[in-house]
A.B. asks: 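Quick one: this structure, given as structure tokens, is what I'll be asking you about.
No hydrogens, no waters, no symmetry mates; every other heavy atom, side chains included, goes into these values. Positions are given from 1 along the sequence.
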Amino acid sequence: MTKRLAEVAKKAGVSEATVSRVLNGRSGVSEATRASVLTALDVLGYERPTKLRGERGRLVGLVLPELQNPIFPALAEVVTASLAQRGFTPALCARTIGGVPESDYIEMLLDHQVSGVVFAGGSYALAEADHDHYRQLLDRRMPVVMVNAGVDGLGFPHISTDDAVAVEQAYGHLRSLGHEKIGLVLGPEDHMPSRRKLAAVARLAGWERPEDRVERTNFSMESARLAASRLIQRGITGMICVSDVVALGSIRAARRLGLDVPADVSVVGYDDSALMTCTDPPLTTVRQPIEMMGQAAVDLLVNQIEGSGVQPDELLFEPELVVRGSTGPAKAD
């Protein structure tokens with residue numbers, strides 16, 4: 001018990017006597033100090049006393065699908081900084097292949113009495129995935145914000161880049177360079193952002209059989225290389241990719257087939273994540289406004305935590321095409 005008091009006191013920046021007063025529910029402690037002690041208790045993984053478990057601390061969960069795609073650490077940086085400015089402590093939960101599933105992270109966050117949760121690219125983005133754990137959060141009236149497109153009917157607000165505008169910008173760019181055989185390297189068939197991208201391009205291009213122009217990936221560079229290879233072998237000269245990582249895999253595919261980017265094949269990414277100016281060639285991509293989206297997500301979450309009414313709507317942000325060296329004029333037939 002003494003060790004616990006010392007650890008919590010150090011974490012909260014208060015005396016052990018103050019921690020003891022908070023844990024025993026005594027008076028003489030300001031609300032700010034009390035909140036700081038309870039948050040320290042949560043962060044260190046200690047259970048709150050029974051009489052305090054019904055109260056949420058100032059801990060907020062941030063659940064990410066993985067950290068290999070640079071866009072997710074970039075979002076985490078914005079969200080955690082914005083939360084700290086608002087007096088909340090972020091708890092980062094990053095899923096990995098074969099690691100802790102999203103539903104288990106939710107259980108852990110609920111056990112720690114979090115004030116709210118920000119999700120990015122979770123199971124809600126997959127139409128065929130299990131969504132029961134989100135309903136658990138809804139039943140508990142937990143403040144939640146979801147980043148990127150997801151399935152309908154979950155009852156939470158979303159922050160998304162406009163996928164339709166993004167691919168329209170990319171498609172228009174490739175067409176302006178003379179490319180007629182344009183294909184898409186997307187995520188799984190039930191991935192909602194990929195569905196939106198495909199629907200927008202198919203409508204814009206008038207594709208009757210869009211599946212002939214599409215290959216699917218699991219978002220890894222190697223699966224992207226295989227998918228892009230199949231498109232190139234079908235004569236595709238311009239590729240629009242679901243992420244920058246997938247775009248880099250597509251460039252690798254072209255080179256392994258003995259082709260040059262952009263002389264033979266043009267590639268457009270999506271995200272404008274870190275270091276895309278340093279790739280060979282520098283990547284043409286559609287930029288997501290991550291800083292504005294992250295701050296908006298925190299604003300929506302804090303409004304819910306503070307009791308303001310927030311509608312379960314989707315807030316769409318405008319993307320921006322960034323032209324670099326991975327796209328060029330189509331070869332003349």
A.B. asks: List in chain and number order the residues that pass side-chain hydrogen bond (donor to acceptor under 3.5 Å, both in side chains) with Asp212, two or more places apart in sequence or in another chain; answer none if no residue qualifies.
C.D. replies: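 By the side-chain hydrogen bond (donor to acceptor under 3.5 Å, both in side chains) rule, Asp212 matches Arg209.
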A.B. asks: Just to verify, what does Ala127 make a side chain to side chain contact (heavy atoms under 4.5 Å, CB included) with, not counting sequence neighbours?
C.D. replies: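 If we apply the side chain to side chain contact (heavy atoms under 4.5 Å, CB included) test to Ala127, skipping adjacent residues, the hits are Val151, Asp190, Met192, Arg195.
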A.B. asks: Ring centres under 6.0 Å, that's the criterion: do Tyr124 and Phe156 meet it?
C.D. replies: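 They do not qualify: ring centres at least 6.0 Å apart.
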A.B. asks: Write out all pairs satisfying side-chain hydrogen bond (donor to acceptor under 3.5 Å, both in side chains) with one or both partners inside residues 288-302, taking only residues at least two apart or from two chains.
C.D. replies: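 Applying side-chain hydrogen bond (donor to acceptor under 3.5 Å, both in side chains) to every pair that reaches into residues 288-302, excluding sequence neighbours, yields Arg86-Asp299, Thr161-Gln288, Asp271-Gln288.
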A.B. asks: Got a sec, which residues hit salt bridge (charged side-chain N to carboxylate O under 4.0 Å, His left out) with Asp260, two or more places apart in sequence or on another chain?
C.D. replies: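 So Asp260 forms no salt bridge (charged side-chain N to carboxylate O under 4.0 Å, His left out) with any residue.
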A.B. asks: Name all residues meeting the side-chain hydrogen bond (donor to acceptor under 3.5 Å, both in side chains) criterion together with Ser229; count only those two or more places apart in sequence or in a different chain, and write none if there are none.
C.D. replies: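 If we apply the side-chain hydrogen bond (donor to acceptor under 3.5 Å, both in side chains) test to Ser229, skipping adjacent residues, there are no hits.
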A.B. asks: Suppose we screen for salt bridge (charged side-chain N to carboxylate O under 4.0 Å, His left out). Which residues come up paired with Asp280, at least two apart in sequence or across chains?
C.D. replies: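 Expected list: Arg255.
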A.B. asks: Mind checking the NE2-CG spacing from His179 to Leu177? Nearest 0.5 Å is all I need.
C.D. replies: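 These two atoms lie 5.0 Å from each other.
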A.B. asks: Could you pull out all residues at least two apart from Glu222 that satisfy salt bridge (charged side-chain N to carboxylate O under 4.0 Å, His left out)?
C.D. replies: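 Counting only residues at least two positions away or on another chain, Glu222 forms a salt bridge (charged side-chain N to carboxylate O under 4.0 Å, His left out) with Arg225.
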A.B. asks: Checking Glu107 now: which residues fulfil salt bridge (charged side-chain N to carboxylate O under 4.0 Å, His left out) with it, not counting sequence neighbours?
C.D. replies: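 Glu107 satisfies salt bridge (charged side-chain N to carboxylate O under 4.0 Å, His left out) with no other residue.
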A.B. asks: May I have the list of side-chain donor-acceptor pairs in residues 67-74 shorter than 3.5 Å, sequence neighbours left out?
C.D. replies:
{"residue": "Asn69", "atom": "OD1", "partner": "Ile71", "partner atom": "N", "Å": "3.1"}

A.B. asks: Given Leu174, which of Thr284, Val267, Val268 fulfils the side-chain contact (heavy atoms from CB on, under 4.5 Å) condition?
C.D. replies: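 The side-chain contact (heavy atoms from CB on, under 4.5 Å) with Leu174 is passed solely by Val268 among Thr284, Val267, Val268.
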A.B. asks: Taking side-chain hydrogen bond (donor to acceptor under 3.5 Å, both in side chains) as the definition, give me every residue that meets it alongside Thr89, ordered by chain and number, with sequence neighbours left out.
C.D. replies: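 In terms of side-chain hydrogen bond (donor to acceptor under 3.5 Å, both in side chains), with neighbours along the sequence ignored, Thr89 is linked to no residue.
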A.B. asks: Apply side chain to side chain contact (heavy atoms under 4.5 Å, CB included) to Ser176 and list each qualifying residue two or more places apart in sequence or on a separate chain.
C.D. replies: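 Only His173 meet the side chain to side chain contact (heavy atoms under 4.5 Å, CB included) criterion with Ser176.
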A.B. asks: For residues 76-83, which side-chain donor-acceptor pairs fall under 3.5 Å, sequence neighbours excluded?
C.D. replies:
{"residue": "Thr80", "atom": "OG1", "partner": "Ala76", "partner atom": "O", "Å": "2.7"}
{"residue": "Thr80", "atom": "OG1", "partner": "Glu77", "partner atom": "O", "Å": "3.2"}

